[in-house]
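Notes follow the structure.
Every chain is numbered from 1 and lettered A, B, ... according to where its sequence line falls, protein lines coming before strand lines. Basis for what follows: all heavy atoms, side chains included, without hydrogens, waters or symmetry-related copies. Computed from a predicted model, the values in this text were never measured in an experiment.
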2 protein chains.
Amino acid sequence: MGIKVFIVDDHYMVIEGIRSLLQNEKGIDWAGHATNASSCLAFLQQQQPDVILMDINLPDKSGIDLCKEVKERYPSVFIIGLSTFNQQSFIQKMIDNGASGYVLKNATQAELMEAIEIVASGKTFLSNEAALSLRSKDNNDAPVITRREKEVLELIAEGMTNNEVAQKLFISPSTVDTHRKNLLVKFDAKNTASLIRLAAQHQLI
Amino acid sequence: MGIKVFIVDDHYMVIEGIRSLLQNEKGIDWAGHATNASSCLAFLQQQQPDVILMDINLPDKSGIDLCKEVKERYPSVFIIGLSTFNQQSFIQKMIDNGASGYVLKNATQAELMEAIEIVASGKTFLSNEAALSLRSKDNNDAPVITRREKEVLELIAEGMTNNEVAQKLFISPSTVDTHRKNLLVKFDAKNTASLIRLAAQHQLI
DNA sequence: TTTTATATCCCTTTAAAACAGGATATTTTG
DNA sequence: CAAAATATCCTGTTTTAAAGGGATATAAAA
């Protein structure tokens with residue numbers, strides 16, 4: 001009875017690749033795969049694997065959100081983030097949301113196996129590049145913004161004015177203005193243009 | 001003697017996935033793989049496969065440029081673009097540079113096989129989604145902007161006002177305003193916020 | 001060569017954002 | 001519980017952007 005591994009990735013070729021890398025490993029049992037967040041959650045209602053390899057980009061929901069949801073419902077399942085992007089913000093968010101590891105898609109079989117085994121034992125695994133990225137100094141961290149501020153930010157990014165955002169959220173235009181002011185301060189942005197650019201760079205919109 | 005297929009992709013898992021998908025196909029011979037453009041070119045000096053599956057994102061050079069280079073030197077080699085991105089501009093550029101097909105990474109084995117066989121016979125293959133994307137009117141393609149407009153756009157994204165941009169570029173604020181108006185029209189943006197978001201989404205800033 | 005695209009410049013009015021400087025109620029958390 | 005964070009709302013003023021309407025010179029393409 002090996003480690004039961006499940007995969008969520010919207011790319012069939014990546015699923016096949018991982019299956020191919022793991023199929024001859026004795027310590028690994030293939031639990032199955034999903035190509036989106038909802039079928040992953042549906043699968044988990046039936047059975048829980050030991051480790052989930054989870055892509056960050058899924059069609060219906062971000063892997064970052066899915067990670068949080070899965071860990072809330074099934075805390076005993078360990079999650080390894082899987083991505084082509086070696087971005088500090090992604091890695092940090094996955095870890096924050098309960099992931100036990102992060103592996104890049106250009107990882108070798110040995111690296112993948114190492115990650116699965118370490119994570120299954122309850123420890124944390126970061127691939128070399130991911131660990132480096134987390135430690136890098138040119139760490140232009142995204143500012144911490146509240147849920148409400150994020151809502152407002154997204155609506156502004158869609159082109160809405162303060163009044164429109166206010167109507168949409170059933171709050172006063174003054175409140176929207178305040179959130180906006182706080183966003184400018186938090187991002188150290190001079191105006192809306194730089195605010196949206198910074199937010200986009202940090203993948204917040 | 002089947003169709004000799006070579007793969008260039010920087011993701012080991014994708015290479016494994018494709019190899020796994022193709023290994024039991026009788027009409028296919030595995031010619032090898034490369035994880036970057038230069039080792040792909042080095043391989044081609046030794047031997048030429050019939051079909052190259054080529055990722056658009058490579059570490060040293062874009063697949064789009066590599067495609068052009070390969071077709072110039074080895075016109076008899078057929079190339080299939082491979083990408084997670086179903087973006088019209090990418091597909092078009094690959095075709096323009098001599099690719100005979102475009103397949104998304106979430107393609108099934110059947111689709112991949114079909115693509116390889118059709119392309120090897122000298123015809124062109126586009127996956128369903130790619131073909132749709134090429135024909136779609138709600139073309140999620142970046143609008144064509146002039147060099148000057150791009151300059152202005154970048155400065156706006158940095159948080160500069162019209163007056164500041166004008167000073168920087170040694171032109172009148174009125175001119176900056178005109179460029180700005182044209183940018184809003186070209187991007188079909190309601191205001192600066194949506195303009196910057198769209199520009200960021202199209203990797204223009 | 002004539003059209004088209006690009007880049008430049010101007011005016012006016014209205015709408016929106018930025019800035020300043022408050023206040024209060026409700027959560028969250030140490 | 002008390003402090004901190006969050007979310008809500010207010011009155012102003014100043015600055016900037018958006019929308020509408022123009023115009024001219026030049027370079028590139030048909």
Any S174(B) side-chain nitrogen or oxygen under 4.0 Å from OP1 or OP2 of dC10(C): yes
All side-chain hydrogen bond (donor to acceptor under 3.5 Å, both in side chains) counterparts of E164(B), not counting sequence neighbours: K190(A)
Extract from the structure each pairing of a protein N or O with an N or O of nucleotides 25-30 of chain C at less than 3.5 Å, listing the distance.
none

Residues that L184(B) engages under side chain to side chain contact (heavy atoms under 4.5 Å, CB included), provided they are two or more places apart: A189(B), L195(B)
Nearest-angstrom distance from the residue atom CD of E149(B) to P of dA5(C): 12 Å
Rounded to 10 degrees, the angle between the two terminal axes of the helix from dT1(C)-dA30(D) to dG30(C)-dC1(D), each from five pairs: 70°
Nearest-angstrom distance from the residue atom CG of L195(A) to P of dA17(C): 12 Å
side-chain hydrogen bond (donor to acceptor under 3.5 Å, both in side chains) against K150(B), all qualifying residues, sequence neighbours excluded: E154(B)
Pairs meeting criterion salt bridge (Lys or Arg N to Asp or Glu O under 4.0 Å) with involvement of residues 27-56 of chain A, two or more places apart: D55(A)-K105(A)
Residues which pass side chain to side chain contact (heavy atoms under 4.5 Å, CB included) with Q201(B), listed by chain and number, not counting sequence neighbours: R197(B), L198(B)
Any pair counted as ring pair (Phe, Tyr, Trp, His ring centres under 6.0 Å), so long as it reaches residues 39-65 of chain B, sequence neighbours left out: F6(B)-F43(B)
Protein-nucleotide distance (N182(B), atom CG; dT8(C), atom C1'), rounded to Å: 11 Å
Separation of dA16(C) P from I156(A) CD1 (nearest whole Å): 14 Å
Contacts of A99(B) that satisfy side chain to side chain contact (heavy atoms under 4.5 Å, CB included) - sequence neighbours left out: C67(B), I79(B), M94(B)
N or O in side chain of H179(A) less than 4.0 angstrom from dT8(D) OP1/OP2: yes
Main-chain N/O of E117(B) paired with K123(B) side-chain donor or acceptor, under 3.5 Å: no
Residue-phosphate contact under 4.0 Å: T146(A) side-chain N/O, dA7(D) OP1/OP2: yes
Protein-nucleotide distance (F170(B), atom CZ; dT8(C), atom P), rounded to Å: 13 Å
Residue list, side chain to side chain contact (heavy atoms under 4.5 Å, CB included) with P59(B), at least two apart or on another chain: D10(B), N36(B)
Length of the line joining L153(A):CG and dA7(D):P, which is rounded to integer Å: 13 Å
CG (D188(B)) with more than 12 external heavy atoms under 6.0 Å: no
Gap between atoms CG and C1', on L183(A) and dA17(C) respectively (whole Å): 13 Å
side-chain hydrogen bond (donor to acceptor under 3.5 Å, both in side chains) partners for N191(B), two or more places apart: S194(B)
I171(A) CD1 - dT6(D) P separation (whole Å): 16 Å
Protein proximity profile, nucleotides 14-30 of chain D - base contact B, sugar-phosphate-only contact S, no contact -, cut-off 4.0 Å on heavy atoms: --SSS-BB---------
